[in-house]
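Working notes, beginning with the structure itself.
Here the structure is a predicted model, which means the values were calculated and not measured. Protein chains get the first letters and strands the later ones, always in sequence-line order, with residue 1 at the start of each.
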Amino acid sequence: MFSLLTRSGLTLRRSHAKRSPVSSISAQFLDIRWFVSDSRRPEQLLEHLTEPQREAVTHATGPLLVVAGPGSGKTRVITHRAAYLACTVTQPQHILAITFTNKAANEMAERMRRLGVAGATCSTFHSFCARLLRMYGDRVGLGPDFSIYDEADQTAAIKQAIERLDLDAEAFTPSKMLNAISKAKNDMIDATQYTEQARDWNEKVIAPVYTAYEQILAEQNAADFDDLLIKAARLLGDHADLRDRLEDRYRYVLVDEYQDTNHAQYLIARGLCLQRENLCVTGDPDQSIYGWRGANIHNILQFEEDFPSAKVVRLEQNYRSTPQILAAADAVIRHNRKRKRKELWTGNAAGRPVRVAGCDDAQSEAAFVAGQIGEHVAAGGAYGQVAVFYRVNALSRNIEAALRDASIPYQVARGVAFFQRKEIRDTLAYLRLVANPLDQVALRRIINVPARGLGEVTVERVISHAAAVGRPVLEVLGQPESIAGVGPRAAGSLREFTRMLTDIAAAVRQGSLQTALEQTVRQTGLAQMWSRDEDDDAIANADELINFAAEYDRQHADGSGSLTDWLQQISLVADQDAIDPELGAVTLMTLHAAKGLEFDVVFIVGVEDGLLPHERARDRKAEVEEERRLFFVGMTRARRNLTISSADWRDRRGMSQRTSRSLFLAELPRDKIALLRIGEDGQPNGDETADEETPASSDEFAEWRQGQLVRHPKYGVGRLLWVQPRGGRTHAGVKFAAHGQKTLVLEFAKLQAVDSDDAD
DNA sequence: TTAGGAAGGTTTTTT
DNA sequence: ACCTTCCTAA
């Protein structure tokens, strides 16, 4: 965001008075016990609701599952239900609503306030757990100022673990290890259990790393993202007194996007509702898109078994999209075999057909999108009602360039990217160290940034000395002369470094984060380093960070803020949090980030084999189904117009490569879509030239895709490089192990598919 | 110890 | 194309 957000040619710098997209997350806990502002009668809340919606809203006690199709008014039901409960059976402060992003949490709080209910807690799982751990973390080995390690910090910790074990297991990259550890954590398998269960060679290598990694996190008073959830789950599981206290506080619990909860989140939701079972979950199995990070779709599928007394309400009427859009999305999702049947329908008026645009290359695709947005606005539409979705972030580049060229304002939903920038991480590392002196990942990051003559050798000496005398590193830093092997020069630098930290800590105690940050940037020499390197981006971004701190200061003028809390907010920022709907700009984001949003006009670009479904998912049926759900989520965001595009050529790794179209395109219903052919200029080439593009003759090979293994009677086994319908025949490039690359016509080549699908 | 260049590996999605 | 890491020279 910030500078990323404002890359468009137009001026989008927001004034300070305006709410910064990410600063809005600070309001996430709304514990203020206000009065229910008007004496709204409960019946009023039921007006304008359909029968099933009303059923869900008025179901007061006991478990409730709301299976809500896209655009079925789910958010409305949730907020009305919370409001209804608050003025019939309970008070606002006894309601806990858990959503997927901070942005959604804020929105829910805001909508409830508009319904006259203030004081409910609206939060994400991660924020809720973090706050819980700040209070009760001592029971699971965390001090109140623990650091939250993101992926980069985790990687650093893993590297430390590997070093400590004297392992040079280059067979695994740290990120592979991290994945394995994260997966284990998501299943609530701790390092001890993992070690006991380790069967194959992989697991036996990873087990000691997992153990060492956990040790390092504990030493540094740090928790990774997974820890937030699993430590909170353990807290609830092991401490009945705490559970009782929380259950008394939160008597009605509501979990949104339940299809994307993992095992730890499931345990937390359960743990909060053991006695009253006033748990209401909402979600849609067809929109489960986070299986890859441990989400367990069975949580929602088995809700009725978990809670035999559960009431189930299905919301199937769609109020969002045109019948064409809904029918197209429905036709696609029906191809998923592991699925509960659901009938989607809408009473909305017919609109335009869904458009499927085949483009020459990624540039013409981008130009096409920009041109169409221009036309939309020329016809009276607003930029703010347009979104472009893609499978991978890298695809935003072309689109951004084309929008800039066309002077179209846009925002990219990449809230986290800002905080991952080097200059921001460096600056924050100083503050992290002040908040949590045990945060060695932060220490190692900046002890020699900017360079002050403290090399690897010195740092290791200091750290091992600290370990030897059993004192915290920061304490040892202050008396460098007592460390063997540290010369006078290094000692001077160490003292200077310690003094800077002390000064920053003092500035933080003064209560202004803005001042503390300004001082950090100046005193540490970071600012000087950036100007020396003429790194204008770094300077601008650091300024943005300072503004962000200033905004926090302003919102916590009453003294309710803290450095730890500010850092926590930053750690838990989501990409979606960076979107400002008021900005009046086109929104660019990944399909994952699109969940829960809606726009009048939607473009889904790069719908090509290998991209959607992504090549990493393509070999496993379950993963292809998740990719299909992702496509479904994207399609169903559209209210009025939906355009799906693919390019015949796309740059990958610097080289232009032939693509083949996504198998999902063949699943769109012919009669609901309009096919377009887009030339180099990004203009449609006549309307009905699409026929040669449709794989009319090649239905037989429609399922064949890039990367698939095939067997040729003469050449043996090979892999499909590309598949392209051409004039009633299907051409394909195949790379054979023994005979190199060949171009074949599938109708004649007598290729057999070699099935590489894993049963999952 | 640092800087700078060459080589080499790498790419999904994210709280 | 891009980033990280490794290597070498100063």
In whole angstrom, what separates [X]'s [atom1] from [N]'s [atom2]?
X      : N      : atom1 : atom2 : result
A:K595 : B:dT15 : NZ    : P     : 10 Å
A:F225 : B:dT15 : CZ    : C1'   : 6 Å
A:L133 : B:dT15 : CG    : P     : 19 Å
A:K422 : C:dC2  : NZ    : P     : 18 Å
A:I447 : B:dT1  : CD1   : P     : 12 Å
A:K103 : B:dT15 : NZ    : C1'   : 16 Å
A:R293 : B:dT15 : CZ    : C1'   : 5 Å

Just verifying a value: how many Å separate A:N541 CG and A:F419 CZ, rounded to the nearest 0.5 Å?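 Output value for this atom pair is 10.5 Å.
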Roughly how far, to the nearest 0.5 Å, is the CD1 atom of A:I399 from the CD atom of A:E365?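 That separation rounds to 5.5 Å.
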Can you give one letter per nucleotide of nucleotides 2-7 of chain B, 5' to 3': B if a protein heavy atom sits under 4.0 Å from the base, S if only from the sugar-phosphate, - if neither? S-----
Mind checking if [X] touches a base, just sugar-phosphate, or nothing, with heavy atoms under 4.0 Å?
X      : answer
A:R489 : nothing
A:T458 : sugar-phosphate
A:Y290 : sugar-phosphate

All ring-ring contact (aromatic ring centres under 6.0 Å, His included) counterparts of A:H592, not counting sequence neighbours: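 Once residues adjacent in sequence are excluded, the partners of A:H592 under the ring-ring contact (aromatic ring centres under 6.0 Å, His included) criterion are A:Y290, A:W292.
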Using a 4.5 Å cut-off on heavy atoms from C-beta on, say whether the side chain of A:R425 contacts that of A:D153.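 Yes - at least one pair of side-chain heavy atoms lies under 4.5 Å apart.
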Do the side chains of A:T458 and A:N448 get nearer than 4.5 Å, heavy atoms only?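 A:N448 vs A:T458: side chains apart.
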Between the protein and nucleotides 3-10 of chain C, which nitrogen or oxygen pairs are less than 3.5 angstrom apart?
residue, atom, partner, partner atom, Å
C:dT5, OP1, A:K159, NZ, 2.9

How would DNA chain B look in dot-bracket form, 5' to 3', counting Watson-Crick and G-U wobble pairs with both distances under 3.5 Å and writing | for bases paired to another strand? ||||||||||.....
Sort me out a list of protein N/O and nucleotides 8-12 of chain B N/O pairs below 3.5 Å, or just none if empty.
residue, atom, partner, partner atom, Å
B:dT11, O3', A:R616, NH1, 2.8
B:dT12, O4', A:H614, NE2, 3.2
B:dT12, O2, A:R391, NH1, 2.9
B:dT12, O2, A:R391, NH2, 2.0

Under 30°, 30 to 60°, or over 60°: which ring-plane class applies to A:F128 and A:Y250, parallel, tilted or perpendicular?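 Answer is perpendicular, since the angle exceeds 60°.
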Run the side chain to side chain contact (heavy atoms under 4.5 Å, CB included) test against A:V449 and tell me which residues pass, sequence neighbours left out.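 Residues passing side chain to side chain contact (heavy atoms under 4.5 Å, CB included) with A:V449: A:D426, A:I446, A:L526, A:M529.
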